[in-house]
Amino acid sequence: MSHSSRFDRGHTDDLMSFLAASPSPYHAVANAAERLEKAGFRQVAETDAWDGESGGKYVLRGGAIVAWYVPEGATATTPYRIVGAHTDSPNLRVKPIPDTGARGWRQIAVEVYGGPLLNTWLDRDLGLSGRVTLRDGSDRLVNVDRALLRVPQLAVHLDRSVNTDGLKLDKQRHMTPIWGLGEVGEGELIAFVEEEIGVAAGEVQGWDLMVHSVEPPAYLGRDHELVAGPRMDNLLSVHAGTAALAAVAAADSEPTSIPVLAAFDHEESGSQSDTGADGPLLGTVLERSVYARGGSYEDRARAFAGTVCLSSDTGHAVHPNYSERHEPGHHPMPNGGPILKVNVNQRYATDGSGRAVFAGACERAGVPWQSFVSNNAMPCGTTIGPITAARHGIATVDIGVAILSMHSARELCGAEDPYLLANALTAFLEC
């Protein structure tokens, strides 16, 4: 990946393919792992003893991946440079007893995951994806990427005030998708899934399934300067981080740090899980890498003291129809480059020294960048940044790409920004 701010449409085309092929966190990490394998990385099992050899390695756990590249000459005290991201997006997830229905309609019971814009899931052709666990304990990915389900909105004739008083949705009553007509049969959905993935009836013992929009990503605008698509929050950063790590590994230079990609699950629900940023996964992987290179606890502490993390997540572009909701002096625009996210109350982890790290990476990459801060009268969102900083004692900087329609089933970003972000991340990991 060259350090140039010139737009590479090939990168954005590849992002669109990645988004379409990653309807769930489990697919996202599988696709990231496949790309890293092609770049020479190898998977290591957490249950095995680790060696201290140089090269690229990665760990998969559920919907999370941690990958790192140990250059020749790295010591036990060599610090890390980490790109952090998350693999999950707000959506509708299948309940433990999924088969339901009413008034002659067959439906699927779902639970609302994270904080989605509920109305964006209405009247949209939906597929089914995720993973299932079989009787022998193995996992299988599921991707029914065709129009299978739909959450129908009530007709305006039966809700005359919807355009004046606003749409009011009850998460329990109004968000249940339909998938057919007739009597409800117990076990029908899982029997359908078993048939789709080609396993015998009764083999599926557990599932983590969710719905996704089957509409593919697309360029938008007169000059195709925008991209519309699902799960940009935050697969855009996962894709950019994967590309950056592979590029640094391919360069085979002699960096003074060990580049890392850490993409976690469950950010949208608080990060408190064994695959979330508030769990021990990242710290365990980094520590084991130190110890595998013959290091001690003292070496681990020294390595962590010199480590820096860029927490890359999407942020808010200024909305032309709601500009009063934004901070008047900070209006990030699409194709203006990645944004530095600041909140003095530590909803973002950025401080002045972190700003300098990010600015330096963008300067080396020839990439423009912007600043984001929330309107004082509006609550500020948060990311894995403060969690990473507090849990591991690692200097962390919050950055990302400015988008519109965050948490919608279909979000919008500038077509150039994914490439600009990937170049900035590459320069950061190389330093």
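All residue numbers in this chain count up from 1 along the given sequence. On a predicted model such as this, the values are computed, not experimentally measured, just so you know.
For the pair R300 and E287, the salt-bridge criterion is met [side-chain N within less than 4.0 Å of a carboxylate O]. The pair D165-R160 does not count as a salt bridge, with every side-chain nitrogen at least 4.0 angstrom from each carboxylate oxygen. The pair D14-R35 meets the salt-bridge criterion, with a side-chain N (NZ, NE, NH1 or NH2) lying under 4.0 Å from an Asp/Glu carboxylate O. Using a 4.0 Å cut-off between charged side-chain N and carboxylate O, E37 and R42 make no salt bridge.
With contacts defined as side-chain heavy-atom distances shorter than 4.5 Å, the pair F428/V83 qualifies. Within the 4.5 Å cutoff, no side-chain heavy atoms of V66 are placed close to those of L261. Proximity of T275 to S273: side-chain heavy atoms (C-beta onward) are separated by under 4.5 Å at one or more points. Within the 4.5 Å cutoff, side-chain heavy atoms of R124 are placed close to those of S213. Between M210 and L92 there is no side-chain heavy-atom pair separated by less than 4.5 Å. Taking the side chain as every heavy atom from C-beta outward, T307 and I82 approach each other to under 4.5 Å. Taking the side chain as every heavy atom from C-beta outward, D123 and P152 approach each other to under 4.5 Å. Contact annotation: the side chain of L425 approaches that of L421 to within less than 4.5 Å [non-hydrogen atoms, C-beta and beyond].
In this structure, the ring of F358 has its center less than 6.0 angstrom from the ring center of W369. Ring centroids of W50 and Y291 are separated by 6.0 Å or more, keeping the two rings apart.
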(request) Mind running side-chain hydrogen bond (donor to acceptor under 3.5 Å, both in side chains) on D398 and S311 for me, showing each step along the way? (result) CA-CA 5 Å; D398 272 295; S311 165; 2.9 Å; yes
(message) Between N335 and Y419, is the side-chain hydrogen bond (donor to acceptor under 3.5 Å, both in side chains) condition met? List the steps.
(response) CA-CA 10 Å; N335 296 330; Y419 178 69; over 6 Å; no
(request) Just do the side-chain contact (heavy atoms from CB on, under 4.5 Å) check on R81 and I258 with the steps written out, would you? (result) CA-CA 6 Å; R81 284 242 162 175; I258 296 171; over 6 Å; no
(request) Could you check R325 against M378 for side-chain contact (heavy atoms from CB on, under 4.5 Å), going step by step and ending with a plain yes or no? (result) CA-CA 7 Å; R325 302 293 183 98; M378 303 290 294; 4.1 Å; yes
(request) Run the numbers on V238 and T242 for side-chain contact (heavy atoms from CB on, under 4.5 Å), then give the verdict. (result) CA-CA 6 Å; V238 175; T242 302; 4.2 Å; yes
(request) Carefully, step by step, assess I399 and I339 under the rule side-chain contact (heavy atoms from CB on, under 4.5 Å). (result) CA-CA 5 Å; I399 67 160; I339 57 174; over 6 Å; no
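Side-chain contact of D136 with S138: a donor-acceptor pair under 3.5 Å is present, judged by distance alone. Residues D139 and Y26 have side chains that never bring a donor and an acceptor to within less than 3.5 angstrom of each other. T314 and N234 form no side-chain donor-acceptor contact under 3.5 Å, judged by distance and modelled atom types alone. Residues H27 and S22 have side chains that never bring a donor and an acceptor to within less than 3.5 angstrom of each other. In the model, H86 has no side-chain atom that pairs as donor or acceptor with a side-chain atom of D265 under 3.5 Å. Side-chain N/O atoms of E268 and H407 include a donor and acceptor closer than 3.5 Å. In this structure, a donor-acceptor pair under 3.5 Å is absent between the side chains of N143 and S129.
In this structure a side-chain-to-backbone donor-acceptor pair under 3.5 Å is missing from D99 to V184. Counting only distance, with no hydrogens or angles, the side chain of E194 and the backbone of V204 share a donor-acceptor pair below 3.5 Å. Looking only at distances, no side-chain donor or acceptor of S323 sits under 3.5 Å from a matching main-chain atom of P320. Remark: the backbone N or O of E188 is not paired with any side-chain donor or acceptor of R106 at under 3.5 angstrom.
The aromatic rings of F304 and Y80 lie perpendicular to each other, with more than 60° between the two planes, well past the 30° mark.
Atom NZ of K95 has more than 12 neighbouring heavy atoms from other residues, nucleotides or ligands inside a 6.0 Å radius. Enclosure of atom CD in E183 is not indicated, since only 12 or fewer non-hydrogen atoms of other residues, nucleotides or ligands lie within 6.0 angstrom. The number of heavy-atom neighbours closer than 6.0 Å to CD1 of I97, taken from other residues, nucleotides and ligands shown, is 12 or below. Other residues, nucleotides and ligands contribute over 12 non-hydrogen atoms within 6.0 Å of the CD atom of E225. Few gaps surround CG on D48; more than 12 heavy atoms of other groups in view lie less than 6.0 Å from it.
To the nearest 0.5 Å, atom OG1 of residue T176 and atom NE2 of residue H174 are 9.5 Å apart. Separation of atoms CD1 (I384) and OG1 (T396) is listed at 8.5 Å; rounding is to 0.5 Å. Rounded to the nearest 0.5 Å, atoms OG1 (T100) and CG (L189) are 12.0 Å apart. In this structure, H224 NE2 and T12 OG1 are separated by 13.0 Å, a value rounded to the nearest 0.5 Å. Atom SG in C309 sits 7.0 Å away from atom CD1 in I394 (nearest 0.5 Å). Atoms CG and CH2, from L169 and W121 in turn, are 14.0 Å apart once rounded to the nearest 0.5 Å.
Taking both residues in full, the closest heavy atoms of T87 and P25 are given as OG1-CB, 3.4 Å, listed atom of the first, atom of the second, then distance. The nearest pair of heavy atoms linking Q153 to V162 is NE2-CG2, 4.3 Å. The minimum heavy-atom distance between A67 and L36, with the atom names listed, is CB-CD1, 3.5 Å. Y348 and C380 get closest at one heavy-atom pair: CE1-SG, 3.5 Å.
Legend: residues meeting ring-ring contact (aromatic ring centres under 6.0 Å, His included) with H239, ordered by chain and number and at least two apart, are H11, F18. Qualifying side-chain hydrogen bond (donor to acceptor under 3.5 Å, both in side chains) partners for E196, counting only residues two or more places apart in sequence or in other chains: R146.
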Which pairs would a plain distance check flag for residues 276-284, meaning a side-chain donor or acceptor within less than 3.5 Å of a matching protein atom at least two apart in sequence or in another chain?
unit_1, atom_1, unit_2, atom_2, d
D278, OD2, Q272, NE2, 3.3
T284, OG1, P280, O, 2.9

